[in-house]
Amino acid sequence: MKTILNFDWLRWLSIDAAKNVFLVLFIVIGILVWLLPKDYIYEGLENPRWWHNLKLWATGVLAMIFITYVLF
Amino acid sequence: MLNNIDYFIVIAYLIGLLFLGLYFRKFVHSSTDFFLGGRMLPFWAIGMSIVVSDIGALDFVGVAGQAYRHGIAVGNFDWIGSVPAMLLAAFVFVPCFWKSKLYTIPEYLGRRYNESVRMIASLTWIIFFAFNLGVIFWSSAVLLEELMGWNEWVSIIATAIVVGLYTFCGGLTAVVMTDVVQMIIMFVGGGAVVCLGFYKVGGWSGLVEKVSAMGSSYENHFNLILPVDTQTPFPWTGILFGLTCVMSMAYMIGNQAIVQRCFSAKNEWHAKASMIFGAFLKMMIPVLVLFPGLIAIVIHPQLEDGDDALPTLIRTLLPPGLRGLLFAAFLAGLMSSIDSVLNSTATLWTKDIYEKFIRKGAPDEHYLIVGRVATVAILVLGVITSPVSDLFPGIYVAIQTFLSIFQGPIFSVLLLGIFWKGTTQWGGLAGLVGGMVSSGLMYLFKGSLFTIEDPFLYVSWWSFVTGFIIAVVVSLFTQSHPVSRLYGLVYKLNQPQTEGIV
């Protein structure tokens, strides 16, 4: 029980592998964001411009966090 | 510690903020104006307000102290502990909530499940906010007394008058717009410490070089990912499962004080954009609150208590004028936390309790008055109960523990409610109550269940899992609401004639 609750069963995973888990998470989130329908992103706007594309915004933020976790 | 120019900056800041907040009273004509800013607010103001509400005066000192002791791993709370959750909120939860024209998160739970779930969620938040207010007041006032030499009651009364007046008069619009100014002040004040600190230690490369040369106990100070068996409270498993998957999600999606701002957006795009813009700003926060702790390792390596890092740095690094600016930044952190608590608690009380159970169907002006009276009552309660923190030093930890008991289970029912139309009202209720009981038991027996001293990340994860499983199992054996009742409350479940994803 204690082994499960304290995640001792993941002790074998190296720090580098753990870091890759975090990086893959950011990539997966980015892919999911880009899979969203285009209309959904602009909902609420009458005259959407390219800079209203929230997929670009989200990608920018994900790029920042991805680089942060690569560096540290 | 402060001289005349510092006092001038602080007093001018307080007066300016008061007048700015009072200016917005002319926009308040209805309860929607008071609680939701008339649903007219732009994304940039909401995004800034979300971020600044999340940072209190204590965070400046506390996070710098953690960074002094454990390194940049504490930055996980603002980076991976915010960004994924804010993106999920932006693209899934917030649009759904915004379209449903909600006032509160418990209101969503009431519509999706039943009134018992709404009542439990609402009362839990009200109790948390009410007790937390006194703690925020007192602990921040003690901090300001230590840092700047101001008497505790001067800080409390000055803050209460300024915040109370503009929140009472201007409602959420005043709260959000003053938060914009508070954020700018926090960035300027905090940025000044970081810039001067970096200049002193020879820039980023100088900082890394000097800290790394200080011995093996500092070898992990520039690592975000720490091993499972670390002695710090931040093993990577806790960060991934407890923080990223549960606590941050529950905070950014289920916390009334955060999400209420998104309800006030002028349209759905602004609601989504506010969260993404907030995520961008969140990426900057560790630079302000964490880096001073690392800089202090080089400049003051012999501190016994890590929490002394920032105060010592201020005393030795900042010239007159900048100290006043930083004091204003501390006050900004304090006031932005308090105005959020006041407005959110007043909304929860008025919409979830008063309007639902005490007086239904009253004119809108009546609920506006109730909201304002509740704001004053909560503020007075917070001021009066603030010294209790001094009598019971463990109350801060107790209140945070109370919140973490609630976080996992509430997120499990929110997640199931929005993604699985098969979740029933009894599944939601059982998942919420069962999850809370399980986290309570885990805290009770934490000594025999967990190996790290403060296992709040693990408790959050396992109570989420427990609540999730209970809700699924009970839902499989009970009758769900008719689909027509779930339109707009479940992701991708629309009324047949409407278009759009939610």
Side-chain angles (χ1 to χ4, degrees), chain A residues 1-30 32-49 51-72, chain B residues 71-73 75-76 79-80 82-84 86-88 90-92 95 98-99 220 222-229 235-242 244 265-273 275-277 279-280 282-284 286 442 448-452 455 458-459 461-462 499-502:
Chain A
M1 183 73 165
K2 216 168 175 175
T3 306
I4 295 171
L5 290 178
N6 290 282
F7 291 93
D8 288 340
W9 44 283
L10 281 174
R11 210 176 272 255
W12 59 272
L13 211 62
S14 70
I15 285 295
D16 286 338
K19 182 181 261 199
N20 287 333
V21 171
F22 284 77
L23 298 178
V24 168
L25 176 70
F26 301 136
I27 294 170
V28 169
I29 294 170
L32 290 175
V33 167
W34 279 96
L35 287 176
L36 289 167
K38 203 174 176 182
D39 293 348
Y40 180 60
I41 296 301
Y42 294 113
E43 219 158 302
L45 293 175
E46 287 178 5
N47 297 307
R49 305 286 171 85
W51 48 269
H52 284 125
N53 187 346
L54 296 177
K55 290 182 186 184
L56 293 176
W57 293 30
T59 306
V61 175
L62 284 168
M64 287 170 69
I65 197 169
F66 187 89
I67 292 167
T68 304
Y69 278 76
V70 166
L71 291 175
F72 300 110
Chain B
I72 64 166
N76 279 304
W79 286 325
I80 199 167
S82 294
V83 172
M86 293 177 91
L87 294 182
L88 181 68
F91 289 118
V92 178
W98 189 89
K99 279 180 179 166
N220 275 330
F222 291 97
N223 291 335
L224 273 171
I225 314 291
L226 299 181
V228 177
D229 55 0
W236 73 265
T237 42
I239 295 295
L240 182 65
F241 293 101
T244 311
K266 62 167 87 170
N267 62 36
E268 187 181 330
W269 185 87
H270 278 266
K272 289 175 190 154
M275 269 288 177
I276 304 174
F277 183 56
F280 167 73
K282 264 284 193 180
M283 286 295 301
M284 318 286 175
M442 278 187 263
S448 51
L449 289 174
F450 298 102
T451 48
I452 55 177
Y458 288 159
V459 171
W461 167 255
W462 292 115
E499 292 182 354
I501 206 162
V502 177

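Residue numbering restarts at 1 for every chain, and letters A, B, ... go by the order of the sequence lines. Small disclaimer: the values here were computed from a predicted structure and weren't measured.
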Drop me the distance from [X]'s [atom1] to [Y]'s [atom2], to the nearest 0.5 angstrom.
X       : Y        : atom1 : atom2 : value
A/Trp57 : B/Lys272 : CH2   : NZ    : 12.0 Å
A/Leu32 : B/Phe91  : CG    : CZ    : 11.0 Å
B/Leu87 : A/Thr59  : CG    : OG1   : 9.0 Å
A/Glu46 : B/Trp269 : CD    : CH2   : 13.5 Å
A/Asn6  : B/Trp462 : CG    : CH2   : 9.5 Å
A/Phe22 : B/Leu224 : CZ    : CG    : 8.5 Å

**Message:** Just checking A/Trp12: does its CH2 atom have more than 12 heavy atoms from other residues, nucleotides or ligands closer to it than 6.0 angstrom?
**Reply:**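 No.
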**Pick from B/Trp79, B/Phe280, B/Trp461 with the largest number of heavy-atom pairs that fall under 4.5 Å of chain A** =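 Among the listed options, the one with the most contacts to chain A is B/Trp79.
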**Request:** Return the option, out of B/Asn267, B/Asn223, B/Ile80, B/Val228, with the maximum number of heavy-atom pairs under 4.5 Å with chain A.
**Result:**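 Result: the option with the highest number of such pairs is B/Ile80.
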**Message:** Tell me which of these, A/Val21, A/Ile41, A/Leu62, A/Leu71, has more heavy-atom pairs under 4.5 Å with chain B than the rest.
**Reply:** A/Ile41
**Prompt:** Checking B/Ser448 against chain A: side chain, backbone, both or neither under 4.5 Å from a heavy atom?
**Reply:**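 Contact with chain A is through the backbone of B/Ser448 alone.
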**Asked** Does any heavy atom of chain A fall under 4.5 Å from the side chain of B/Leu88, the backbone, both, or neither of them?
**Response** neither
**Message:** Please verify the inter-ring angle class for A/Trp9 with B/Phe241; under 30° counts as parallel, over 60° as perpendicular, anything in between as tilted.
**Reply:**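 Plane angle between 30° and 60°, so tilted.
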**Atom group of A/Leu5 that falls short of 4.5 Å from chain B, counting heavy atoms** =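 Both backbone and side chain.
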**Minimum heavy-atom distance between B/Ile276 and A/Ala58, given as atom pair plus value** = CG2-N, 3.9 Å
**Request:** Using the side chain to side chain contact (heavy atoms under 4.5 Å, CB included) rule, pick out the option among B/Leu240, B/Thr451, B/Thr237 that qualifies with A/Phe7.
**Result:**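 Considering B/Leu240, B/Thr451, B/Thr237, a side chain to side chain contact (heavy atoms under 4.5 Å, CB included) with A/Phe7 is found only for B/Thr237.
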